[in-house]
Amino acid sequence: MPELPEVETVARQLKPEILNKVIKKAIIHDTKLIRLNVDKIENTKIADVYRLGKWIVIDLVNTENGKKQFLCVHLRMTGRLLVKEFDHANMKHLRVEFQLDEGQFYFQDVRRFGVIELLDSLDSVQPKGIDPLSCELDSKRLHNMMAGTRQNIKTWLLRQDKLVGLGNIYASEILYAAKVNPQKQAGDISYNEAKSIFTHTRNILKKSIKNCGTTFSDFQNAKGETGEYQKYLKVYKREGENCRVCGTTILRIVQQQRSTFYCPNCQK
DNA sequence: CTTTCAGCCTGGGCGC
DNA sequence: TGCGCCCAGGCTGAAA
């Protein structure tokens with residue numbers, strides 16, 4: 001599922017392919033995407049491409065009047081932003097195509113959870129939480145943020161108003177690496193545990209970005225390729241298999257309507 | 001204020 | 001072969 005490393009991968013790959021090109025036309029194939037105002041996007045030059053939380057932001061400048069706009073894309077579950085050439089006949093679930101002065105890019109989404117909209121301001125997509133890769137975050141701040149909350153730590157890690165960018169895969173992987181039981185209350189996390197969670201969050205996200213993210217079934221990067229980080233997953237989707245450290249059977253539990261995978265021996 | 005939870009959406013996999 | 005059912009999960013908005 002697109003979490004921080006997958007979104008970062010798409011933004012990084014997309015940028016050199018479309019930077020400084022001009023959007024000539026957008027064709028919407030899915031009427032659910034009414035928030036995208038097609039007329040206003042014509043003749044806008046792509047000034048930048050980057051990640052903001054789990055959003056991909058494309059800065060646009062109108063070539064006629066200089067007006068700035070932001071094309072914001074949230075992949076949610078199955079969304080893809082693709083720049084590769086397409087055989088249109090085989091292009092299932094194509095939602096929007098953007099025709100450039102040179103080439104094109106596409107938004108494809110099987111399950112239609114994805115969001116794509118043209119905004120005058122970034123206010124509505126500005127993350128409330130802190131980016132885990134930001135230099136503003138450290139162990140002490142993370143520990144302070146958890147103080148007083150009764151939610152379990154796994155659910156807390158998914159809160160985008162606290163940390164931006166973690167999803168179900170990395171939350172399980174981080175807690176396994178940090179040897180913290182996912183059912184523990186966030187408010188009961190010790191400083192040393194918070195420190196371990198902080199360190200492993202950074203390391204896991206960075207390693208996943210290096211490997212172009214995780215692909216379980218749907219994720220593809222901007223060039224239509226899968227990620228590689230699934231090779232390194234220790235607990236996610238490994239229910240019933242053995243822990244690679246101690247051999248104990250990996251468990252699956254449900255927290256907040258979401259699967260959590262963990263080793264009951266390593267994570268006490 | 002905090003925390004919980006149904007619903008959105010589709011395709012794949014399973015049991016019968 | 002096909003039908004019904006369950007599962008995957010990021011996020012919103014309403015309820016508790």
Side-chain angles (χ1 to χ4, degrees), chain A residues 1-11 28-35 51-57 72-81 90-96 107-117 119 122-132 144-175 182-189 205 208 213-220 226-227 229-230 233 235-240 250-262:
Chain A
M1 328 308 145
E3 304 177 31
L4 186 153
E6 291 75 32
V7 178
E8 181 73 30
T9 296
V10 172
I28 298 181
H29 297 276
D30 183 354
T31 50
K32 190 189 170 192
L33 299 164
I34 50 171
R35 276 185 281 187
R51 176 182 67 82
L52 195 58
K54 286 184 192 170
W55 287 91
I56 296 159
V57 181
C72 299
V73 181
H74 201 303
L75 304 175
R76 294 284 186 101
M77 298 298 300
T78 53
R80 294 171 180 168
L81 262 187
N90 293 327
M91 185 65 184
K92 278 191 176 177
H93 314 297
L94 176 63
R95 304 299 176 192
V96 190
F107 179 63
Q108 180 193 31
D109 189 10
V110 173
R111 285 167 63 183
R112 304 168 83 202
F113 278 2
V115 176
I116 181 163
E117 52 189 343
L119 301 170
L122 288 176
D123 290 350
S124 64
V125 297
Q126 200 66 243
K128 292 191 192 82
I130 187 166
D131 195 288
N144 287 341
M145 285 162 69
M146 294 173 180
T149 176
R150 293 189 303 279
Q151 275 179 322
N152 63 65
I153 183 62
K154 157 63 171 7
T155 301
W156 191 90
L157 287 176
L158 297 180
R159 286 182 60 167
Q160 304 295 302
D161 60 332
K162 300 295 182 183
L163 294 180
V164 193
L166 299 182
N168 217 36
I169 296 174
Y170 297 109
S172 279
E173 293 297 313
I174 288 164
L175 290 174
Q183 295 166 105
K184 190 162 186 170
Q185 279 188 20
D188 291 342
I189 296 291
L205 293 179
S208 182
T214 301
T215 298
F216 249 99
S217 53
D218 294 297
F219 175 69
Q220 287 185 3
T226 59
Y229 191 76
Q230 61 274 14
L233 297 178
V235 286
Y236 185 78
K237 280 282 162 77
R238 294 195 64 239
E239 179 187 17
I250 300 294
L251 300 183
R252 170 184 173 270
I253 58 173
V254 175
Q255 297 176 289
Q256 217 67 24
Q257 307 160 284
R258 299 287 176 264
S259 290
T260 302
F261 300 88
Y262 76 109

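In the text below, chain A, chain B and the rest are named by the order of the sequence lines, each starting its count at 1. Only a predicted model underlies this, so the values are computations on that prediction, with no experimental measurement involved.
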Problem - Worked check of side chain to side chain contact (heavy atoms under 4.5 Å, CB included) between A:Val235 and A:Thr260 - result: CA-CA 9 Å; A:Val235 286; A:Thr260 302; over 6 Å; no
Completion exercise
A:Arg112 atom CZ is separated from C:dC11 atom C1', nearest whole Å, by 17 Å
Fill in the blank from the handout: Within residues 253-261 of chain A, the residues having a heavy atom closer than 4.0 Å to DNA chain B are A:Gln256, A:Gln257, A:Arg258
Exercise for the section: Indicate, with a heavy-atom threshold strictly under 4.0 Å, whether A:Arg76 touches base, sugar-phosphate, or nothing. Expected result: base
Exercise for the section: Could you check whether A:Thr149 gets within reach of a base, just the sugar-phosphate, or nothing at all, counting any heavy atom under 4.0 Å? Expected result: sugar-phosphate
Completion exercise
Between CD1 of A:Ile153 and C1' of B:dT3 the distance, given in whole Å, is 15 Å
Exercise for the section: Please state how far atom CG in A:Leu75 lies from atom P in B:dC9, giving the value in whole angstrom units. Expected result: 18 Å
Handout entry: Spacing of A:Arg80 atom CZ relative to B:dT10 atom C1', expressed in whole Å
Key = 13 Å
Practice task
Return yes if some donor-acceptor pair links the side-chain N/O of A:Glu239 with the main-chain N/O of A:Phe261 below 3.5 Å, else return no.
Solution key: no
Problem - Interatomic distance where NZ belongs to A:Lys237 and P belongs to C:dC7 [whole Å] - result: 12 Å
Completion exercise
Residues A:Lys154 and A:Asn168: closest non-hydrogen pair is NZ-OD1, 2.8 Å
Practice task
Considering just the side-chain nitrogens and oxygens of A:His93, establish if one lies under 4.0 Å of OP1 or OP2 belonging to B:dT10.
Solution key: no
Handout entry: A:Trp156 CH2 - B:dT2 P separation (whole Å)
Key = 13 Å
Handout entry: A:Val110, nearest nucleotide to its side chain (from B:dT3, C:dC11, B:dG11)
Key = B:dG11
Practice task
Check the side chains of A:Tyr262 and A:Gln183 for a donor-acceptor pair under 3.5 angstrom, ignoring hydrogens and angles.
Solution key: yes
Handout entry: Contact nearer the 5' end of DNA chain B, comparing A:Arg95 with A:Arg159
Key = A:Arg159
Practice task
Describe, in one word, how the ring planes of A:Trp55 and A:His74 are oriented to each other, choosing from parallel (under 30°), tilted (30 to 60°) and perpendicular (over 60°).
Solution key: perpendicular
Exercise for the section: Please determine if a side-chain N or O atom of A:Arg150 lies less than 4.0 Å away from the OP1 or OP2 oxygen of B:dT4. Expected result: no
Problem - Atom-pair distance (OH on A:Tyr170; P on C:dG10), nearest Å - result: 11 Å
Exercise for the section: Report yes if a side-chain nitrogen or oxygen of A:Arg252 is closer than 4.0 Å to either non-bridging phosphate oxygen (OP1 or OP2) of C:dC7; otherwise report no. Expected result: no
Handout entry: A:Lys54 vs C:dC11: side-chain N/O to OP1/OP2 distance below 4.0 Å
Key = yes
Fill in the blank from the handout: Between CG of A:Asn168 and P of C:dC7 the distance, given in whole Å, is 15 Å
Problem - Pair A:Arg252-A:Ser259, side-chain donor/acceptor within less than 3.5 Å - result: yes
Practice task
Decide yes or no, distance alone: a donor-acceptor N/O pair under 3.5 angstrom between the base of B:dC9 and the side-chain of A:Arg111.
Solution key: yes
Practice task
Identify the two heavy atoms, one from A:Leu52 and one from A:Pro127, that lie closest to each other, and give their separation to 0.1 Å.
Solution key: CG-CD, 3.8 Å
